[in-house]
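This report concerns only the one structure given below.
Every value quoted in this text rests on a predicted model; they were computed, and no experiment measured them. Quick note on labels: first sequence line is chain A, next is B, and so on, each numbered from 1.
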There are 2 protein chains.
Amino acid sequence: MESDTRQRMIETAAVVMRERGVEATSFSEVIARSGAPRGSIYHHFPGGKAQLIEEATRYAGEYTASSIANALWQDDPIAAIRAASATWLKLLRKSDFGAGCPVVAASLDPTQPSGAREAAGEAFSRWQRALAEALEPHVLEPERARSLATLIISSIEGAVVLSRATRSLTPLERVAAELEGLLAGAITR
Amino acid sequence: MESDTRQRMIETAAVVMRERGVEATSFSEVIARSGAPRGSIYHHFPGGKAQLIEEATRYAGEYTASSIANALWQDDPIAAIRAASATWLKLLRKSDFGAGCPVVAASLDPTQPSGAREAAGEAFSRWQRALAEALEPHVLEPERARSLATLIISSIEGAVVLSRATRSLTPLERVAAELEGLLAGAITR
DNA sequence: GTCTATACGAAGATAGAC
DNA sequence: GTCTATCTTCGTATAGAC
């Protein structure tokens with residue numbers, strides 16, 4: 001199946017991006033890790049590296065959007081935050097602080113112009129919107145739901161950066177605890 | 001003066017890092033922007049690029065640490081947060097969302113091993129500690145001061161990432177507003 | 001301290017055979 | 001769809017003159 005190799009390359013690219021960033025996500029690395037054949041790169045991705053990175057960013061953005069929607073569908077917002085931080089803590093531990101967020105990596109792509117940066121922006125917007133919509137029934141003002149959603153996404157992404165840099169789970173643990181407390185106070189029913 | 005060229009290269013490297021990341025911070029770029037002479041690179045930085053990036057990271061980390069200490073010395077914590085977000089908003093606007101945090105960039109350096117990543121971790125730790133110490137007199141528990149400090153640093157760094165990616169000041173504005181409200185509630189006197 | 005020249009390797013991309 | 005070979009560009013780094 002052709003789309004099998006193709007999809008494997010996209011998912012591998014997202015993994016390398018999360019570990020080492022966009023620039024270090026070379027074809028050689030993706031080929032080596034995915035087992036995909038060298039000769040078919042430009043068959044699957046005629047747009048070259050830019051296309052691969054952009055598709056990997058969209059894939060990662062949608063994957064996370066689904067996870068967020070899923071968590072919010074079966075839990076209240078506080079439990080969803082707790083689940084999200086638990087997932088991140090597990091990944092940081094498992095990767096020995098080697099893995100971060102592929103969408104953050106894409107947002108820092110220095111290429112010009114960069115479809116990856118745009119895709120990252122769209123992903124962040126979607127995540128914020130989904131979270132804000134879930135919070136809206138629980139708070140007094142819709143604008144409060146939006147600002148809480150933005151704070152949650154921003155602080156978790158930032159905490160992952162700090163945790164990786166300091167090689168410590170503490171930043172993310174502290175942020176998760178503060179967010180839970182803040183939400184508990186802000187939610188009316 | 002020899003240290004003049006050297007210092008100019010360090011500061012230029014920090015600027016390029018904040019705009020385009022560590023990997024894209026090439027000697028060619030630093031030379032072009034700083035006006036430093038090509039031939040003296042390895043005279044000033046015998047450790048090559050790794051040394052330049054590491055020194056630029058330390059420089060940026062200490063520069064920001066001073067700014068934080070300064071703001072906390074002459075203002076209360078809430079005013080300091082407001083000043084910090086104003087500074088970031090101005091930079092984002094002025095750079096048309098082209099500039100982020102050089103320490104975040106350093107923390108994502110894929111090089112192995114990376115003195116820049118370590119320097120970034122130390123910078124984040126220092127900033128958190130300074131902020132926590134300033135908050136401690138205002139809250140009931142020292143641990144609360146620490147978790148608030150971590151939330152503040154993480155969420156601002158994260159919001160800068162989101163603002164750049166979405167090319168909008170809104171994420172940072174929302175985060176700043178939420179942080180102010182949270183601090184107002186957490187501070188006892 | 002600074003110059004020029006150059007070695008070396010990595011990576012993206014293309015061409016043409018099978 | 002996949003292979004091999006090759007081109008080109010770029011970036012780090014070194015050597016040796018001035």
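- Side-chain proximity of B:Tyr42 to the nucleotides C:dT2, D:dA13, C:dT14 is greatest for D:dA13.
- Contact check for A:Glu19 versus A:Thr25: no side-chain heavy atoms found under the 4.5 Å cut-off.
- Formation of a donor-acceptor pair under 3.5 Å by the A:Ser40 side chain with backbone atoms of A:His43 is not found in this model.
- B:Leu52 CG to B:Arg6 CZ: the interatomic distance, rounded to the nearest 0.5 Å, is 9.0 Å.
- Within residues 46-56 of chain A, the residues approaching DNA chain C are A:Gly48, A:Lys49, by heavy-atom distance under 4.0 Å.
- The interatomic distance linking A:Phe45 (CZ) with C:dT14 (P) rounds to 16 Å, in whole Å.
- Heavy-atom contacts from other residues, nucleotides or ligands closer than 6.0 Å to CD of B:Gln74 number more than 12.
- Residues satisfying the side chain to side chain donor-acceptor pair (under 3.5 Å) test with B:Arg20, not counting sequence neighbours, are none.
- One interatomic measurement links the two molecules: CZ of B:Arg38 to P of C:dT6, which rounds to 15 Å at whole-angstrom precision.
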Every protein N/O lying under 3.5 Å from an N/O of nucleotides 6-9 of chain D:
none

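- The closest donor-acceptor contact from the side chain of B:Thr64 to the backbone of B:Gly61 lies at 3.5 Å or more, if one exists at all.
- In this structure A:Glu143 satisfies the salt bridge (charged side-chain N to carboxylate O under 4.0 Å, His left out) test together with A:Arg146, B:Arg174, sequence neighbours excluded.
- Remark: P of C:dA13 and CD1 of A:Ile41 are 10 Å apart, rounded to the nearest angstrom.
- Of the residues in residues 23-34 of chain B, those with a non-hydrogen atom less than 4.0 angstrom from any atom of DNA chain D are B:Thr25, B:Ser26, B:Phe27, B:Ser28.
- You'll find the side chain of A:Arg164 stays beyond 4.5 Å of the side chain of B:Ser107, heavy atoms only.
- Residue B:His44 places at least one side-chain N or O under 4.0 Å from the OP1 or OP2 atom of C:dT2.
- In the hydrophobic clustering of this structure, B:Val161 groups with A:Val161; members are Ile, Leu, Val, Met, Phe, Trp, Tyr whose side-chain heavy atoms approach within less than 4.5 Å, directly or through other members.
- A salt bridge does not link A:Arg129 to A:Glu133: none of the charged nitrogens lies less than 4.0 Å from a carboxylate oxygen.
- In this view, B:Tyr63 satisfies the ring pair (Phe, Tyr, Trp, His ring centres under 6.0 Å) rule with no residue, not counting sequence neighbours.
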